[in-house]
Amino acid sequence: MANQPYNPKEIEPAIQQMWAEQNAFRAREEDPGEKYYCMSMLPYPSGALHMGHVRNYTIGDVISRFHRMNGKNVMQPMGWDAFGLPAENAAIKNNTAPAKWTYANIRLMKSQFKRLGFGYDWAREVTTCKPEYYRWEQLMFTRLMRQGLAYKQNAEVNWDPVDQTVLANEQVIDGRGWRSGAEVVRKSIPQWFLKITDYADELLQGLDRLDQWPDAVKTMQRNWIGRSEGIEFSMQHCDSQGRVASDAATVEVFTTRPDTAFGMTYAVLAPEHPLVDALTLPDRRGEVADFIAQVSKATEIDRTAAQGGADKRGVFTGSYLFNPFTASAVPLYLADYVLMGYGTGAIMAVPGQDQRDWEFALSYDLPIVRTVEPPVDWEGEAWTGEGEAINSQWLNGLPVDEAREKAMLWLEERDIGRRMVNYRLRDWGVSRQRYWGCPIPAIYCPDCGVVPVPEDQLPVILPENVTFMGVQSPIKADPEWRKTRCPDCGAAAERETDTFDTFMESSWYYARYCCPGADSQLDERADQWLPMDQYIGGIEHAILHLMYFRFYHKLLRDAGMVSSDEPAVRMLCQGMVVAETYYQDDDNGRRRWINPSEVEFSRDSKGRTIGATLISDGSSVSIGAVEKMSKSKNNGIDPDGLIDRFGADTVRLFSMFASPPDQSLEWSESGVEGAWRFLRRIWKQVAMHVQDGPFDELDAAGLDERQKEIRRLLHDTIAKVSDDMERRYTFNTAIAAIMELSNHLARFEDDSPQGHAVRHEALSAVVRMLAPITPHVCETLWRLLGATAPLYAGPWPEVDESARERALVTLVVQVNGKLRARLELPPAAPEADALSAALANDNVVRHTQEKQIRKVIHFLTNC
RNA sequence: GCCGGAGUGGCGAAAUUGGUAGACGCGCUGGAUUCAAAAUCCAGUUUUGGUAACAAAGUGUCGGUUCGAGUCCGACCUCCGGCACCA
């Protein structure tokens, strides 16, 4: 093999077969070594792998392989997030069943994973659409129902009146159904929720302890949870003169700024507020009803899109509320900018201190009173910053903090206010009115109401062999499927035909990986592996999935199934894979996007791109922006085609080399070729070295200077690469350091026995350091270097600290911060010697003459 | 609007704790090899001046702290991402 050229097509399948035969990536609970659980987010089986997958899973595989080589008991599992809408769409389009389409995709993608050489423990594979998986999710849900952590409530959905189905937000285009083109209406239907808000505080505080999670993710989650401390207080219905009747209705309002209450000039109810009817005067009913109709027609998106503008809309109810601070009446409005879902759905409006109230007050000609003194040069509208209280009687002169506290105490003493923490976070709606999902295990009995499906009747199985009639869910369309008996009274009853949000399945699969075949949701093996040491996935999941799975982990903990508080110790969010876009505009002004593989470039003598042409006919091509690889921009690259041309190792190497994992990776055809060249050079270096025959034992003490220099570089490199792989995750700089070492080795033309021994030590380390990234070629070269055991289990090269000692170090001399000289000195040289050597340097003399040396500063840098 | 992150050669990037800016790769230029090309190898490649040694400038803009700033501080510009009437 040593005299053959590098041929990945031959070696990659052979090495993959060797791993399979040796069960190389099987994780066993009883294996020695500290456990290391490394996991990448499971894919949705949408068809074929794209470059984003390749990048994501290469990162996970590199980290897993690094730790395995370092003696850890590594578990790296893989599975399929197999339920979801695309399967239904494909089924309708191709007239097939979603299950069939899904399983075919899984087969294809699994073969691609194997081709890429990912070291998964397939014995732990999870497929979320199989009853053996989702049955446990159903069981857990029935328990949560009994505990009140799962409940049913009306909520709004996008309803397509033609297709008679619910649409996801992304299926609503310009207010119309994506298939039917019908105008989508908002409809309130009963849906299941999980009480994630019960865990809001714990989810928020837990973030402080996740010190190995990206700050961006933690910040997004904090904002999403949106904790705010304030006070809820009662305002009584009164007449326009402030007279309160003995049986007056009471409106609760929530505010974080009770200190501004003296500036309240009106109050607002959300249009959906339950007291709207009671508090609307008869002569205002018509206008109020019109307003509510107008608001309810608008979708959620329309309603929120209005923000920032002055088009906040509302209507006067004719009623007044009593402001306890000023002891006077304020008019009560309905307005679209107050949301029923937050706080109490009612607010006190202070236009002087709140921009939204300011805009509304202007539109409806309501008075504005400032209660915090704005800065002298303030030219804006509502002032929301710090300042002294004004126009506020007994609060005047106090800063915001003190005024707020005093106002709260005042409300509490009078027993009209209660301190309150509100969250932006809402309970998690888990109902989907779709077919291809896990059936929600509930039964509706005319007498007993909602009843959880008893444990001995689980799982509720989703039929897989179905045909679609239009877009409606086959289990909703089937009059028989839903028929059942009430588990409590035995009467005829109906099943829930809604299915779970697919985020339910992805919220606990990481724990199920630990317990393949368990006859319960989890067993004692879960705690042996959890929490995960490393989780890897896209930043697009920063909020939803990464919040839900933290929540679900706490549910599992509180059900006694795991003992940790958080599912993942360290989180890595990889960046997007992007590529330049290319297009041609035709005569009708239509833009045709051209794949990068069809384009070639001309460059000027400095290497700047000056033009692009189509390879096929030489016509001129325009260069567009660098964007995420997508079908619509036709800038995607097919991983399979690349593996055919270069092999999996080159694809893996380039995706790790082009940028650090958390940044976006810009695709570059010539960059891939560079990676390919590097692997061929390494192959050649090892092959030529091996052809020189056996080598002498290394005598580290007896080496000449040049040999010592190579060994120093080698052990510096091992130290750097180890750190880059374990702590920093900067695989790009790890690869750069290995390339640098390889470049030096190429210039190290020492044929002596000790030169040969030094080269052998270095090449053996190079092959091992690259092994996590390009495992196939490294296994092969490792064997070529004389090893008999495979490389996947290590050993990782060790740093010989004594080899890193230097006879001379470079002393950098700066004069007034500018580099003026480099001196070679022994590291132990006394300071005085170093100073006099520096002062004797011609260049230093030139820049210090006619000047007085005022200060000498010593500083250390690495190397 | 609010909250994050980023801006460094022709390009992707590196510089880990305030201490040699541009490692490594791509591209480009020149050369070797070749009948020729591909492949490979060698040298050069921030800008300006200089054969060179070297000098000056240089990390989005303007200012500051420091012996010394890509890195810290202040103001601003641009781009990317998230949230978007949350009281």
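Just so it is clear, the values below take in all heavy atoms, side chains as well, and ignore hydrogens, waters and symmetry mates. Throughout, protein chains are lettered first and strands after them, A, B, ... in sequence-line order, and every chain is numbered starting at 1.
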Inset, instruction - Report the residues that fulfil side chain to side chain donor-acceptor pair (under 3.5 Å) with A/Tyr199, sequence neighbours left out, ordered by chain and then residue number. - result: A/Asp558
Inset, instruction - Just call it for A/Arg747: base, sugar-phosphate, or nothing, with non-hydrogen atoms closer than 4.0 Å on any strand. - result: nothing
Side chains of residues 726-734 of chain A: which donor-acceptor pairs under 3.5 Å do they make with residues two or more places apart or in other chains?
from     : atom 1 : to       : atom 2 : distance (Å)
A/Arg727 : NE     : A/Asp723 : OD1    : 2.8
A/Arg727 : NH2    : A/Asp723 : OD2    : 2.8
A/Arg728 : NH1    : A/Asp724 : OD1    : 3.1
A/Tyr729 : OH     : A/Gln534 : OE1    : 2.6
A/Tyr729 : OH     : A/Arg570 : NH1    : 3.4
A/Thr730 : OG1    : A/Asp724 : OD1    : 3.2
A/Thr730 : OG1    : A/Thr733 : OG1    : 3.0
A/Thr733 : OG1    : A/Asp724 : OD2    : 2.8
A/Thr733 : OG1    : A/Thr730 : O      : 2.9

Inset, instruction - Quick one, give me the B/S/- string for nucleotides 24-30 of chain B, reading 5' to 3', where B means a protein heavy atom under 4.0 Å from the base and S means that only happens at the primed atoms, P, OP1 or OP2. - result: BSSBSS-
Pick out the pairs of N or O atoms, protein on one side and nucleotides 64-74 of chain B on the other, that lie under 3.5 Å.
from  : atom 1 : to       : atom 2 : distance (Å)
B/C67 : OP1    : A/Lys855 : NZ     : 3.2

Give me, pair by pair, the N or O atoms of the protein and of nucleotides 78-82 of chain B that are less than 3.5 Å apart, along with how far apart they are.
none

Legend entry - A/Ser722 (side chain) donor-acceptor with A/Ile718 (main chain) under 3.5 angstrom: yes
Inset, instruction - Classify the ring geometry between A/His545 and A/Phe503 as parallel (under 30°), tilted (30 to 60°) or perpendicular (over 60°). - result: parallel
Under 3.5 Å donor-acceptor pairs involving side-chain atoms of residues 254-268 of chain A, not counting sequence neighbours:
from     : atom 1 : to       : atom 2 : distance (Å)
A/Thr255 : OG1    : A/Arg257 : N      : 2.9
A/Arg257 : NE     : A/Asp259 : OD1    : 3.0
A/Arg257 : NE     : A/Asp259 : OD2    : 3.4
A/Arg257 : NH2    : A/Asp259 : OD2    : 3.1
A/Thr260 : OG1    : A/Arg257 : O      : 2.8
A/Thr265 : OG1    : A/Pro367 : O      : 2.8
A/Tyr266 : OH     : A/Tyr337 : OH     : 3.0
A/Tyr266 : OH     : A/Asp357 : O      : 3.1

Legend entry - Partner set under salt bridge (Lys or Arg N to Asp or Glu O under 4.0 Å) for A/Asp716, not counting sequence neighbours: A/Arg804, A/Arg806
Inset, instruction - Under 4.0 Å between any heavy atoms, over every strand shown, what does A/Asp357 touch: base, sugar-phosphate, or nothing? Just pick one. - result: nothing
Inset, instruction - Could you list all the salt bridge (Lys or Arg N to Asp or Glu O under 4.0 Å) pairs where at least one residue sits in residues 211-232 of chain A, not counting sequence neighbours? - result: A/Asp201-A/Arg227, A/Asp208-A/Arg222, A/Asp215-A/Lys218, A/Arg227-A/Glu229
Legend entry - Dot-bracket summary - RNA chain B, pairs being Watson-Crick or G-U whose distances fall under 3.5 Å, with | when paired to another strand: (((((((..(((......[....)))((((((.......))))))((((....))))..(((((..]....))))))))))))....
Inset, instruction - Can you figure out which of B/U16, B/A56, B/G4 approaches the side chain of A/Arg820 most closely? - result: B/A56
Inset, instruction - Determine, for A/Glu669 against A/Arg645, whether the closest basic-nitrogen to carboxylate-oxygen distance falls under 4.0 angstrom. - result: yes
Legend entry - With A/Arg419 via side chain to side chain donor-acceptor pair (under 3.5 Å) - residues at least two apart: A/Glu405, A/Glu412
Legend entry - Nearest to side-chain heavy atoms of A/Arg846, which nucleotide of B/C85, B/C54, B/A15: B/C54
Legend entry - Anti or syn - B/G50, cut at 90° from 0: anti
Inset, instruction - Return yes if a side-chain donor-acceptor contact under 3.5 Å exists between A/Glu824 and A/Thr810, otherwise no. - result: yes
Tell me which donor-acceptor pairs under 3.5 Å the side chains of residues 812-819 of chain A have, and how far apart each pair is, sequence neighbours excluded?
none

Legend entry - A/Arg680 side-chain N/O to B/A39 phosphate OP1/OP2 under 4.0 Å: no
Inset, instruction - Using a 4.0 Å heavy-atom cut-off across all strands, classify A/Asn732 as base, sugar-phosphate, or nothing. - result: sugar-phosphate
Inset, instruction - Have a look at A/Thr730 and say if it touches a base, only the backbone sugar-phosphate, or nothing, with a 4.0 Å heavy-atom cut-off. - result: nothing
Inset, instruction - List in chain and number order the residues that pass ring-ring contact (aromatic ring centres under 6.0 Å, His included) with A/Trp383, two or more places apart in sequence or in another chain; answer none if no residue qualifies. - result: A/Trp378
Inset, instruction - Under 4.0 Å between any heavy atoms, over every strand shown, what does A/Lys720 touch: base, sugar-phosphate, or nothing? Just pick one. - result: base
